[in-house]
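Once you've had a glance at the structure underneath, I'll fire off some questions.
Just so you know, these numbers come straight off a predicted model, no measurement behind them. Chain A is the first sequence line, chain B the second, and so forth, proteins listed ahead of strands; every chain is numbered from 1.
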Amino acid sequence: MIPLWLYLLVSAALFSIGTFGVLARRNGVAVLMGVELMLNAVNINLVAFWRYTAPSEINGMAFAAFVFVIAAAEAAVGLAIIISIYRSRHSVVPEDASLLKG
Amino acid sequence: MGDVNFFLGLAFVVFSLITLGGAVGVVTTRNLFRGTIWLMVSLFGVAGLYILLEAPFLAAVQVLVYIGAIAILFTFAVMLTRSLTQLSDRYNRVWVNLGGAVLLFVFLMMGVILPTWYNWTPSPSIMTATVQSTTDLGIALVDKNGFVVPFEVASILLTAAMIGAIVIARETDD
């Protein structure tokens, strides 16, 4: 079998790339894409630990399935907010959404 | 790693490269439409990793939900906003954030991956027969001793997210 740490390495690299995308991109849609990459890295971790430490339990797979649900909800609401902000501010840069700033 | 099946290892390397290459494409490309395509590539690589981890149901859900629905949602968002014309300024404070991401990776390496690598014993005892199947997952999701409450909560969350997304994105005609 492929050692567990290789999966963890890929997952950590994917998470770091996603973090960079979230922190550095100026476009709100690209920020959400970074969040999706991070969620996928977490899911690889969950499934890998399930497969290597407790394959006879169902918990790991069920958790991964719930992460899918959260990711779908997050993408739908996040993109709706971005489109709504774009309507009122004509910008997709999160820094321009400063209506609540005192 | 002498006991690793060659084709299994090759498939792992290929899927990992697809995943990470697609991810790098997502965070570096100027054109966000291409970024969405790269996102699909990366998610496809993750689906391949699920196959290697013997979770075929999750791989199918990954292709259906992520590549089939979420990536299309991103395509719509890119096209409905002016993302394609604001191509000039991609990043803010790129070096600080790049350093932060690399630091995070190093932390993860030292905290999680190196101990795992240290304690790794290639045990052939991980049997395919004991791996839970998709049928077990389905039963566990509606079992009252399993995940039925989180399952229903997830359904409510999805409904609320759907209604919320419609309400937020709806054009107000006043």
>> Please classify the contact between B/Leu39 and chain A as side chain, backbone, both or neither, with a heavy-atom cut-off of under 4.5 Å.
In response: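 Contact with chain A involves the side chain of B/Leu39 alone.
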
> So, A/Asn43 versus B/Gln62: side-chain donor-acceptor pair below 3.5 Å or not?
Replying inline: no

> Relative to chain A, which segment of B/Leu137 carries a heavy atom at a distance below 4.5 Å: side chain, backbone, both, or neither?
Replying inline: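 Both backbone and side chain.
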
> What residue, out of A/Ile17, A/Ile83, A/Val69, A/Asn40, has the most heavy-atom pairs lying under 4.5 Å from chain B?
Replying inline: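 Top option by heavy-atom pairs under 4.5 Å: A/Asn40.
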
> Given a strict heavy-atom distance threshold of 4.5 Å, which part of B/Tyr66 is in contact with chain A: side chain, backbone, both, or neither?
Replying inline: side chain

>> Can you tell me how far apart CD1 (B/Ile70) and OG1 (B/Thr36) are? Round to the nearest 0.5 Å.
In response: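 Spacing of CD1 (B/Ile70) from OG1 (B/Thr36) equals 12.5 Å.
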
>> Counting only non-hydrogen atoms closer than 4.5 Å, does B/Tyr50 touch chain A with its backbone (N, CA, C, O), its side chain (CB onward), both, or neither?
In response: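 Looking at B/Tyr50, just its side chain touches chain A.
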
> With chain A, which of B/Val24, B/Leu53, B/Leu108 has the greatest number of heavy-atom pairs at distances under 4.5 Å?
Replying inline: B/Leu53

For a quick test of your reading: what N or O donor-acceptor pairs under 3.5 Å do the side chains of residues 146-166 of chain B make, sequence neighbours left out?
{"unit_1": "B/Ser155", "atom_1": "OG", "unit_2": "B/Phe151", "atom_2": "O", "d": "2.8"}
{"unit_1": "B/Thr159", "atom_1": "OG1", "unit_2": "B/Ser155", "atom_2": "O", "d": "2.8"}

> For A/Leu32, is it the side chain, the backbone, both or neither that has a heavy atom under 4.5 Å from a heavy atom of chain B?
Replying inline: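 Contact with chain B involves both backbone and side-chain atoms of A/Leu32.
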
> If you round to the nearest 0.5 Å, how far is CG of B/Leu58 from CH2 of A/Trp50?
Replying inline: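 Between A/Trp50 CH2 and B/Leu58 CG, I get 7.5 Å after rounding to 0.5 Å.
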
> Which bit of B/Ile139 is near chain A, if near means a heavy-atom gap under 4.5 Å: side chain, backbone, both or neither?
Replying inline: neither

Result block: side-chain N/O donor-acceptor pairs under 3.5 angstrom for residues 6-16 of chain A, not counting sequence neighbours:
{"unit_1": "A/Ser11", "atom_1": "OG", "unit_2": "A/Ala41", "atom_2": "O", "d": "3.0"}
{"unit_1": "A/Ser11", "atom_1": "OG", "unit_2": "A/Asn45", "atom_2": "OD1", "d": "3.3"}
{"unit_1": "A/Ser16", "atom_1": "OG", "unit_2": "A/Ala12", "atom_2": "O", "d": "3.0"}

>> To the nearest 0.5 Å, what is the distance between OG1 on B/Thr29 and CD1 on B/Ile37?
In response: 10.5 Å

>> Only pairs of heavy atoms separated by less than 4.5 Å count here; which of B/Val94, B/Asp136, B/Val112, B/Leu73 has the most with chain A?
In response: B/Leu73

> Looking at B/Val167, B/Leu103, B/Leu98, B/Val102, which one has more heavy-atom pairs under 4.5 Å with chain A than the rest?
Replying inline: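 Ranked by heavy-atom pairs under 4.5 Å with chain A, first place is B/Leu98.
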
> Which pair of non-hydrogen atoms, one from A/Leu23 and one from B/Asn97, has the smallest distance, and what is that distance?
Replying inline: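 Smallest heavy-atom distance, with atoms named: O-ND2, 3.3 Å.
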
> Checking B/Thr19 against chain A: side chain, backbone, both or neither under 4.5 Å from a heavy atom?
Replying inline: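 Contact with chain A involves both backbone and side-chain atoms of B/Thr19.
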
>> Quick check for you: among A/Ile81, A/Val47, A/Val22, which has the greatest number of heavy-atom pairs under 4.5 Å with chain B?
In response: A/Val47

> So which part of B/Ile168 gets closer than 4.5 Å to some heavy atom of chain A, the side chain, the backbone, both or neither?
Replying inline: both

